[in-house]
Amino acid sequence: MRLTRWTDYALRVLMYCAANRARERAPTIAEIAEMHGISRSHLMKVVMHLAAQGWIETTRGRGGGLRMLRAPEDISVGEVVRRMESDFDLVECFAPATNQCQLAPACLLKSALAQATRAFLQELDGFTLSDLVSAPKGPLEQVMFERKAKPADPPRR
């Protein structure tokens, strides 16, 4: 299973907002986009969806930005993934309307994959945004600012 960029970006925005919620000046889309090297226009769409879900509020103009509406400890990663991902159909037979698999009537793969998906999401339910922004070596905010201050990483080989 692979999460979409949509969900990945949503988690990054929520984590950034959670890590920076005590700041006087709210984080901005431009700031988060620059931090992660993400398109601002794409990130704006993600942010609007997050606001519609009731996780963050957005304020335009000078002094505007993104603020958490719910406490990070009350938002599970599983909840975010479920609401952001539109398709958990790992194989064709998960969608009865379009299923063309000839093995479907006797195959046990669907059941095994459905069980694995439930276990995956249940595991994510055990983590909150608060858990994600409390790194063992210090708060995520510190890691973010250290990363921003470092020169670009050399290309991997």
Visitor: Taking salt bridge (charged side-chain N to carboxylate O under 4.0 Å, His left out) as the test, write out the residues that go with Arg82, two or more places apart.
Guide: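 In terms of salt bridge (charged side-chain N to carboxylate O under 4.0 Å, His left out), with neighbours along the sequence ignored, Arg82 is linked to Asp125.
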Visitor: Can you sort out the partners of Ser41 under side chain to side chain donor-acceptor pair (under 3.5 Å), two or more places apart, ordered by chain and number?
Guide: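 Ser41 satisfies side chain to side chain donor-acceptor pair (under 3.5 Å) with Ser39 only.
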Visitor: What do you reckon, is CZ of Phe120 surrounded by more than 12 foreign heavy atoms closer than 6.0 Å?
Guide: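 Yes.
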Visitor: Under a 4.5 Å cut-off applied to non-hydrogen side-chain atoms, are Leu124 and Val81 in contact?
Guide: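 Yes. Closest side-chain heavy atoms under 4.5 Å.
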Visitor: Which residues satisfy the side chain to side chain donor-acceptor pair (under 3.5 Å) test with Thr7, sequence neighbours excluded?
Guide: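 For Thr7 the side chain to side chain donor-acceptor pair (under 3.5 Å) partners, ignoring immediate neighbours, are Thr4, Glu85.
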Visitor: Taking side-chain contact (heavy atoms from CB on, under 4.5 Å) as the definition, give me every residue that meets it alongside Ala116, ordered by chain and number, with sequence neighbours left out.
Guide: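 Per chain and number, Ala116 pairs via side-chain contact (heavy atoms from CB on, under 4.5 Å) with no residue.
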Visitor: Please tabulate, for side-chain N and O atoms in residues 51-75, each donor-acceptor pair with protein atoms closer than 3.5 Å (sequence neighbours left out).
Guide:
| residue | atom | partner | partner atom | Å |
| --- | --- | --- | --- | --- |
| Gln53 | OE1 | Arg83 | NH1 | 3.1 |
| Trp55 | NE1 | Glu79 | OE2 | 3.4 |
| Arg67 | NH1 | Arg23 | O | 3.0 |
| Arg67 | NH2 | Arg23 | O | 3.3 |
| Arg67 | NH2 | Glu24 | O | 2.5 |
| Arg70 | NH1 | Glu79 | OE2 | 2.9 |
| Arg70 | NH2 | Asp74 | O | 2.6 |
| Arg70 | NH2 | Glu79 | OE1 | 3.3 |

Visitor: Side-chain contact, heavy-atom cut-off 4.5 Å: Arg12 with Arg5?
Guide: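 No, too far: nothing below the 4.5 Å cut-off.
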Visitor: Would you name the heavy atoms of Met84 and Trp6 that are closest together and state the gap between them?
Guide: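 Heavy atoms only, the tightest pair is CE-NE1, 3.0 Å.
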Visitor: Minimum heavy-atom separation for Leu43 and Ala33, please, with both atom names.
Guide: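 Heavy atoms only, the tightest pair is CD2-N, 3.6 Å.
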Visitor: Can you see which heavy atom on Ala26 is nearest to which on Glu31, and at what distance?
Guide: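 In terms of heavy atoms, the two residues are closest at O-OE1, 4.4 Å.
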Visitor: If we check side-chain contact (heavy atoms from CB on, under 4.5 Å) with Tyr9, which of these qualifies: His42, His49, His36?
Guide: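 That would be His42.
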Visitor: What are the two closest non-hydrogen atoms of Gly126 and Asp131, and how far apart are they?
Guide: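 So the minimum-distance heavy-atom pair works out to O-OD2, 3.8 Å.
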Visitor: Rounded to the nearest 0.5 Å, what's the gap from SG on Cys17 to CD1 on Ile32? Could you check?
Guide: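 Separation between the atoms: 4.5 Å.
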Visitor: Given side chains that start at C-beta, do those of Leu132 and Thr128 come closer than 4.5 Å, heavy atoms only?
Guide: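 SC-SC contact between Leu132 and Thr128 ruled out.
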Visitor: Supply the atom-to-atom distance Ile29 CD1 to Glu34 CD, rounded to the nearest 0.5 angstrom.
Guide: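 Between Ile29 CD1 and Glu34 CD, I get 14.0 Å after rounding to 0.5 Å.
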